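Everything below concerns the one structure shown next.
Owing to the predicted nature of the structure, the values given are computational and were not obtained by experimental measurement. The first residue of the sequence shown is numbered 1, and numbering continues consecutively from there.
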Amino acid sequence: MKSFNPNYDKLKRSDFSMCIMKKSYYVKGMAALAVVLAAVGCAKKDLYDAEAKKQESATNFVNNVMGGRSVDGNQTWSTATATTLNVSSEIAEGTLKVYASNPVGQSVAPIYTTTIAKGEQKTFTVARPSDVQRLYVVVYDSQNYMRYQPVNVTGNNLSVKFVGSEAEQASSRVMKAPGRTFTNSHEFATAPADGDFATELPATYVTDANANGGGQGVNVVIQSPIIGYLNLWNAGSNVYFPAGNWTVNGQYVGQNSKVYLLPGAHVTFNGEYNLNSEQAALYIASGATLTATNISYNFKLYNRGTIYTGNMSQYANGWVYNEGEIYATGQVAPKNNFSEFVNANKLEAQSMTVEGSGHVLNMGSVTIHGDVSVNSNNCSWVNDGTFHCKNFKYTAGSWNVINNCKLICDEQFYITLGDGQGEFKLDGSVECNTFFHGTGITRMAGKSIIKVAETLTCHADADGRYYGFYGPESNNNGYAVVQAKKITASSLTQRRSISYRNYLIVATDDHWEQCDQSDGNYPYWDQGNNVKMSLKNKNDITETITPTDCNAGIDGGPIIIDEPTMYYYYAFEDLGTTNDFDFNDVIVRVSAPVNGQSSAQIVAAGGTLETYVTYGTQENPTQLGGEVHATMGSNTTSVMINTTSVDTSKFANIGTIDVSGKEMDNLPLGIKVKGNNGEVVKVVKSVEGNGKAPLVIVVTGNDQGKWFWATERTNITVAYSQFGDWGANVGTNLNWFRTPTGAVVNY
């Protein structure tokens, strides 16, 4: 309500003072005459007739806002619907919050906050935005880790349960981790002794020129710099390459033979090198080098020097034990007849394939420039050192695929196993750009880490198998951590699942939206009893894990939940003028309840008369704060505040309200407006106004708790074009308040 027009002061009858004008007009000529005639019309009444003014306002509202349509008889003029939640908790305790939009990965305002204890059941009412069809009930523990349940709105009385999982216990009994440091069942070859390598020539020997096929116990010393064909067909020969440069264009060395490269020997095989017998052995001493186009190791190869080759593959029993350096421009492929490859120092190759009965153990440093494929139910891949590759793909299944140290994938780590076949075991860290988890279990020791720079995609969709990430079964050594920028499912419209189990922390910026427990059409996740989920920021992890040569480490710290406040905006018309309907004469916003308490603030004052905010019935109201303009920092009532632009520093707190058991969108908030001669007009939010032209509307804030009201003299249906349609049919255009179409304030 704005101040009286100055022309009214020239009239002698005091009764005229109740002809209240909402805006301050400066009139001249015919306009002044119109004002006087209006005043004379008002003078015909002994007293100001508020009910007549309401009727005039109602008529104008129907014409100017509703376009001549009637108000829906069920219209409450609130964008919220009272919804009862029945929450019970077996396992979750802490701060309970209810959200109207998914809080995962984003900071949104809760519409209700309280506490809950284990074993407790709570029933309360929330003011749900009427256009919202799913609510999110979250319990934050003492460290601010989340456990949450979405619930589809199927009525106005909903139930949510935080229950334990029998499946977790059953699965743990079936697949129990063997310990913090995982061990494999395959027995790898042991390291050679120092004495196994030759550092000097034997006392007696023949040369390659007169070896005559070699033979059991015959010592052959190479003396020709270039050998066209080394042909030692008799079994049991001992071949020595002393220091120097040697080239062999072709060779055949019989079974049970041993070949020694002494320190300083640099041997080049211009073709593929093999010894053709699993009983044969090659010893390369420190300081020696072997260069070959390819190496087929169906024999025992012990290296303390340096090997340069293309492919290193196996086609019969045999192994490599590398304590030196190996550089392969092609593939390393232990994949048949129990072949194995043990790296105790440095291996660099283009790719690696482990399948069949092949076995790999790394205790040093491995760099694979391309892809690693582990694909067999009978193979082993064990990393006790540093393993670096482009992509790591684990398919089929094995119980001996174990990373006890540091695995780095420049691109993707991929796991999809046969149903019930094998696991990936981790006691160290995995770092990758993306991670794909299909069927199978990733079993993690305490303080082990999976760090995914971008997206972790889940597709573990075998019902009842509870595939996914499993932390340790006790917290003796700390939690395991899965950290990813984003976690999603391979399909967001089909049934997909992932399990998080045991003592595990899952931290991400963005997790796909959980579905209602009763909704089987959307992807879901299964959160075990002891799992802690941090779903707003991937760096929100309380565990500190010290970086080591075998672990990427985590710098933990407290989790701070910094969220906006949800507000419900009570926007009043003050019965001044009865035809602009901008609903900004007084705007009071009330915060969503926290443990039954809400704060009230005045955020706008479009009227220019002495005005007060009240709480309670029209007959017996309690005043909240002082005069509206003064409370907002103005020394005069003639100034309109926050109706063209917004200065948030003028938002004024006017008190705390106990809203326990009350509906947030139907609080008895009102305004009391005093005219020039002390006459009082009251407007109070009441159910008695339902289905009629409103003098107050209640609007819920957006995800950030904000609503943008119409600017001065902007009709509400201009600011929000769907407002009138919603007024005529309360079941349509429920989200009208979210998208302005005309002039609104911004802040």
Does a side chain donor of either [X] or [Y] reach within less than 3.5 Å of an acceptor in the other side chain?
X: Thr542; Y: Tyr145; value: yes
X: Asn274; Y: Ser296; value: no
X: Thr289; Y: His266; value: yes

key: Residues that Pro202 engages under side-chain contact (heavy atoms from CB on, under 4.5 Å), provided they are two or more places apart   = Tyr205, Asn219, Val221, Tyr240

key: Set of residues satisfying side-chain contact (heavy atoms from CB on, under 4.5 Å) with respect to Ala292, sequence neighbours excluded   = Phe269, Tyr273, Ile295, Thr309

Could you check if a side-chain atom of [X] sits within less than 4.5 angstrom of a side-chain atom of [Y], using non-hydrogen atoms only?
X: Asn375; Y: Thr353; answer: no
X: His186; Y: Glu340; answer: yes
X: Tyr148; Y: Val104; answer: yes
X: Tyr414; Y: Thr395; answer: yes
X: Val259; Y: Phe241; answer: yes
X: Phe392; Y: Gln412; answer: no

Pairing of [X] and [Y] as salt bridge, 4.0 angstrom limit:
X: Lys258; Y: Asp196; value: no
X: Asp141; Y: Lys532; value: yes
X: Asp427; Y: Lys447; value: no
X: Glu323; Y: Arg304; value: yes

Can you name the closest pair of heavy atoms from [X] and [Y] and give their distance?
X: Cys458; Y: Ser497; answer: CB-O, 4.5 Å
X: Gly215; Y: Ser237; answer: N-OG, 2.9 Å
X: Phe188; Y: Val360; answer: CZ-O, 3.5 Å
X: Gly422; Y: Trp399; answer: N-CZ2, 3.4 Å
X: Asn234; Y: Gly214; answer: ND2-O, 3.2 Å
X: Ala333; Y: Tyr297; answer: C-OH, 4.0 Å

How many angstroms lie between atom [atom1] of [X] and atom [atom2] of [Y], to the nearest 0.5 angstrom?
X: Phe436; Y: Asn391; atom1: CZ; atom2: CG; answer: 13.5 Å
X: Glu454; Y: Glu411; atom1: CD; atom2: CD; answer: 12.0 Å
X: Ile449; Y: Ile554; atom1: CD1; atom2: CD1; answer: 4.5 Å
X: Asn343; Y: Leu361; atom1: CG; atom2: CG; answer: 8.5 Å
X: Thr455; Y: Asp509; atom1: OG1; atom2: CG; answer: 10.5 Å
X: His437; Y: Ser490; atom1: NE2; atom2: OG; answer: 13.0 Å

task = For Lys346, enumerate each residue passing the salt bridge (charged side-chain N to carboxylate O under 4.0 Å, His left out) test, keeping only those at least two apart in sequence or located in another chain.
result = none

request  = For Glu355, enumerate each residue passing the salt bridge (charged side-chain N to carboxylate O under 4.0 Å, His left out) test, keeping only those at least two apart in sequence or located in another chain.
outcome  = none

message = Set out, in order, the CA-CA distance, both residues' side-chain angles and the distance that settles side-chain contact (heavy atoms from CB on, under 4.5 Å) for Glu348 and Glu325, then state yes or no.
response = CA-CA 8 Å; Glu348 186 174 325; Glu325 298 180 3; over 6 Å; no

Whether the side chain of [X] engages the backbone of [Y] through a donor-acceptor N/O pair (distance < 3.5 Å, no angle test) should be reported.
X: Ser339; Y: Lys335; value: yes
X: Asp526; Y: Tyr466; value: no
X: Thr442; Y: Phe469; value: no
X: Asn311; Y: Ser313; value: no
X: Ser398; Y: Asn400; value: yes
X: Asp510; Y: Lys485; value: no
X: Ser534; Y: Ala507; value: no
X: Thr548; Y: Asn551; value: yes
X: Gln514; Y: Trp525; value: yes
X: Asn362; Y: Ala344; value: no

request  = Mind running side-chain contact (heavy atoms from CB on, under 4.5 Å) on Thr329 and Gln350 for me, showing each step along the way?
outcome  = CA-CA 5 Å; Thr329 59; Gln350 179 59 34; 5.9 Å; no

key: side-chain contact (heavy atoms from CB on, under 4.5 Å) between Thr508 and Leu535, intermediate numbers included   = CA-CA 5 Å; Thr508 181; Leu535 302 179; 3.7 Å; yes

key: Cys550 and Cys405 SG atoms less than 2.5 angstrom apart   = yes

key: Test log, rule side-chain contact (heavy atoms from CB on, under 4.5 Å), inputs Leu347 and Val332   = CA-CA 10 Å; Leu347 167 66; Val332 173; 4.2 Å; yes

ask   = Phe387 vs Trp381 aromatic rings, parallel, tilted or perpendicular, using cut-offs 30° and 60°?
value = perpendicular

key: Check: Trp319 ring centre within less than 6.0 Å of His359 ring centre   = no

Distance-only donor-acceptor pairs under 3.5 Å for side chains of residues 279-288, two or more places apart:
{"unit_1": "Gln279", "atom_1": "OE1", "unit_2": "Ser277", "atom_2": "OG", "d": "3.1"}

With sequence neighbours excluded, residues passing side-chain hydrogen bond (donor to acceptor under 3.5 Å, both in side chains) with Thr293 = none

task = May I have the step-by-step check of ring pair (Phe, Tyr, Trp, His ring centres under 6.0 Å) for Phe424 and Phe413, ending in yes or no?
result = CA-CA 11 Å; Phe424 176 70; Phe413 182 97; 4.9 Å; yes

